[in-house]
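Scroll down for the structure; my scribbles are underneath it.
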Amino acid sequence: MRVHPQGLPKYGPGFRNRKSWIPENPKPKDKSLDDGAISLFATSLRHQTTEFFNNSTLHGVRYIAEKERPFCEKFMWFSFVAIGAVATCIIIVSLWEKFQTNPTITGLDTDFHNWDVPFPAVTLCDHNPVDDELLHEYINKTWGSNQPSKAADMLRWLANLSYESIARRASEFASDHDIMAHSQVEVLVKPKEAVFSIVRHCETSFYDCEWKGDPEECCALLVPVFTEMGFCYGFNSRHAERSWPWQAQTDLFTEAFIHETDAKWSFMYNSFRNYTTIDVYIHSTEEMAGLEQNAQLSWDGRVEKVSFSVKHTYTTEDARQLSIRQRRCIFADEQKLETSKIYTYTACMRQCRMRRCRSFCKCVPHFYPLIKGYKHCTVQELECIAKHVAAITDVSGCACELGCSHTVYEVEKLTDIDTNKAPTQTNSLETEFVSWPMVRYKREVLFGWVDLLVSFGGIAGLFLGFSLLSGVELIYYFTLRACCAVVRDADTLRRERAERRARPKPPHDLSLVPWWKQPPVPIEKRPIKVQVKDAQPPQYSPPPGYPTFLP
């Protein structure tokens, strides 16, 4: 039995007076609001919450909804369920981060005997590609006796055109009055055609070429190619020029391969240009020598052999289930480029720079291919390119990824000529594989969508007993079932709401009203605990479940 001392408040310290919860003159509630669809839907959600907790297979939640359970036990089970839910969320977030950042693994592929190994492209860029005789003929043909003083310098500059040389000398030639006075000459309007007229032809630059140890015609192997370092000649390059004025061409490109049984795995050429420097670029056939690559060798005749190693990385097809950001590479047919039918990193970067040139100056330098939507800059328009070189060549603004199949060539050995047996310089240079086989890496999926789903299900099942059907039940209870209850059982919901409001409120102030807004009523003394044996009258028996402490 409980006895309430006279004059003391019914509720202990920290709780507000029950009377203060109810205003003295309560405003009559609008009955239309209580009977509205929103009010009924809220009641339905409350009812479905209790039903879901009672019938759910989630561990521990049924004990929270049972009305017979003491408050402390409910709070204990709520704490356990909350801890399990928080742990589940933390582990799921870490798994999701792993799936987003490191879902692939790269390993060594050792089955090399059946490979068709592609030979790399070899790009040869002469520091002085201009033929002096052709240069003078072109100047006489273009200007006649009224030749500008800087005509020869300008033509040499156009043959070795690069972003660095554009920034250094474009304004010098664009502001030269003698040159700009003849603004309609071919060299000023179509500089690429002018370059073809003055550069050395293949037969005057190279001779006695060999491919895999067999002699070959040099001009059948080496074709002109314009790069971002100027005019060059390329072997086994897919991006070489297919149209030049001094020789019949074909548009058909055949990639060169080597096999384990070949006598040699090399390409060799002899050059008439033993008194100049030739930059040698070794790269993939699909790539092109550009700003992303440095020359492996600046050949001045003192090296007779370059031995390189190959490291090829390819990606399995199941990696297509991942996004580009996850696998950090792009398949060859996944992204269409304007400059190449096959996606490569250098082609993407080259296209990015071309778009910037077009956006700044409405044209591109003539070392880029002439494709639809782009036009080559005149000499005067190159001055605009020079003003924006820093922005055009800034790599941070180009969203390009490596190709999912890419190859890296590294020079392992440079063989100098034997000065005891030969002159101090040589006319030949041989580029060869250092050894067989090449090193090949395979990138495959380590953590895919199926693995992610299994991991999520295992963690949720371990901590909460959650399954896929539990999620379906959760959606079902609080959407379809709650809405149907509003339509079919509206009277039952109204009756349940009325019964809930008629029940006396518990002696626990669980409201979230802050103390600074509505401070609690001050309490003079704590409620006393009265033993049943001291209660009057002695024949009184307390109701079952009644607490022995005063509320």
Side-chain angles (χ1 to χ4, degrees), residues 112-126 202-203 205-225 227 232-240 253-274 276-289 293-313 405-419 421-440:
F112 59 85
H113 293 286
N114 297 323
W115 295 347
D116 283 332
V117 179
F119 195 84
V122 180
T123 303
L124 308 173
C125 298
D126 194 337
C202 171
E203 57 270 15
S205 299
F206 307 102
Y207 68 97
D208 292 344
C209 295
E210 292 184 4
W211 165 234
K212 295 195 291 188
D214 299 327
E216 297 284 349
E217 177 64 35
C218 287
C219 294
L221 300 177
L222 292 167
V223 293
V225 55
T227 70
C232 307
Y233 278 93
F235 166 71
N236 197 32
S237 175
R238 188 179 295 273
H239 298 284
F253 170 76
T254 303
E255 187 174 3
F257 289 88
I258 62 172
H259 303 87
E260 190 175 6
T261 56
D262 291 333
K264 277 190 174 183
W265 310 310
S266 66
F267 164 72
M268 187 189 72
Y269 70 89
N270 284 267
S271 175
F272 293 112
R273 307 283 296 157
N274 55 357
T276 186
T277 301
I278 298 178
D279 288 336
V280 180
Y281 296 85
I282 303 174
H283 53 89
S284 173
T285 300
E286 309 297 339
E287 306 278 356
M288 176 177 282
Q293 182 183 11
N294 295 323
Q296 280 91 339
L297 173 67
S298 291
W299 184 65
D300 54 3
R302 290 181 292 181
V303 175
E304 62 179 1
K305 184 181 295 186
V306 179
S307 301
F308 56 87
S309 63
V310 185
K311 295 180 181 178
H312 177 65
T313 302
S405 177
H406 66 277
T407 308
V408 177
Y409 297 89
E410 296 180 352
V411 174
E412 298 289 339
K413 183 180 179 182
L414 296 176
T415 304
D416 297 332
I417 61 175
D418 189 353
T419 57
K421 299 180 180 180
T424 57
Q425 284 187 325
T426 179
N427 295 334
S428 65
L429 179 66
E430 184 177 10
T431 57
E432 67 171 2
F433 279 73
V434 67
S435 64
W436 186 279
M438 59 183 282
V439 178
R440 190 161 76 163

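Expressed to the nearest 0.5 Å, how far OG of Ser309 lies from NZ of Lys413 amounts to 13.5 Å. Interatomic distance, OH of Tyr269 versus CZ of Phe235, reported as 12.5 Å (0.5 Å rounding). For the atom pair CG of Leu221 and CZ of Phe206, the computed distance is 11.5 Å after rounding to the nearest 0.5 Å. Gln296 CD to His283 NE2: the interatomic distance, rounded to the nearest 0.5 Å, is 8.5 Å. With rounding to the nearest 0.5 Å, the separation of CD in Glu203 from SG in Cys219 is 5.0 Å. Taking OG from Ser428 and NZ from Lys305, the interatomic distance works out to 10.0 Å, rounded to the nearest 0.5 Å.
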| Test log, rule side chain to side chain contact (heavy atoms under 4.5 Å, CB included), inputs Leu297 and Leu429 | CA-CA 11 Å; Leu297 173 67; Leu429 179 66; 4.2 Å; yes
| said: Working note: Thr415 + Glu430, criterion side chain to side chain contact (heavy atoms under 4.5 Å, CB included); need CA distance, chi angles, decisive distance, verdict. | reply: CA-CA 10 Å; Thr415 304; Glu430 184 177 10; over 6 Å; no
| message | Before you tell me yes or no, could you show the steps for Glu304 and Ile417 under side chain to side chain contact (heavy atoms under 4.5 Å, CB included), namely the whole-Å CA-CA distance, both residues' side-chain angles and the distance that decides it to 0.1 Å? | response | CA-CA 6 Å; Glu304 62 179 1; Ile417 61 175; 3.8 Å; yes
| Would Thr123 and Val280 satisfy side chain to side chain contact (heavy atoms under 4.5 Å, CB included), going step by step from the backbone distance to the final call? | CA-CA 6 Å; Thr123 303; Val280 180; over 6 Å; no
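Without hydrogens or angle criteria, His239 side chain to Glu286 main chain gives a donor-acceptor distance under 3.5 Å. Formation of a donor-acceptor pair under 3.5 Å by the Asn270 side chain with backbone atoms of Asp208 is found in this model. Side chain of Trp299 to backbone of Asp279: no donor-acceptor contact under 3.5 angstrom is found. A side-chain donor-acceptor contact under 3.5 Å links Gln293 to the backbone of Ile282. Although no hydrogens or angles enter the test, the distance criterion places a donor-acceptor pair under 3.5 Å between the side chain of Asn236 and the main chain of Ala256.
A 4.5 Å side-chain heavy-atom check between Phe272 and Ser205 finds every atom pair outside the cut-off. Inter-residue side-chain proximity for Val117 and Val310 is flagged as unmet; no heavy-atom pair is nearer than 4.5 Å.
For the pair Arg302 and Asp300, the tightest heavy-atom approach, listed with the atom from each and the gap, is NH2-OD2, 2.6 Å. Between Asp262 and His259 the shortest heavy-atom distance is OD2-N, 2.6 Å. The heavy-atom pair separating Ser298 from Thr277 by the smallest distance is CB-CG2, 4.0 Å. Pairing each heavy atom of Lys212 with each of Phe257, the nearest pair is NZ-O, 3.3 Å. Scanning all heavy atoms of the two residues, the minimum distance from Pro224 to Tyr233 falls at N-CD2, 3.8 Å.
In this structure, the ring of Phe308 has its center less than 6.0 angstrom from the ring center of Phe433. Between Phe267 and Phe119, the ring centre distance reaches or exceeds 6.0 Å.
Between the side chains of Ser284 and His406, no donor-acceptor pair is found at a separation under 3.5 Å. For the residue pair Ser271 and Asn427, no side-chain donor N or O sits within less than 3.5 Å of a side-chain acceptor on the partner.
Counting heavy atoms of neighbouring residues, nucleotides and ligands inside a 6.0 Å radius, atom CG of Asp416 exceeds 12 of them.
The SG atoms of Cys232 and Cys125 sit under 2.5 Å apart.
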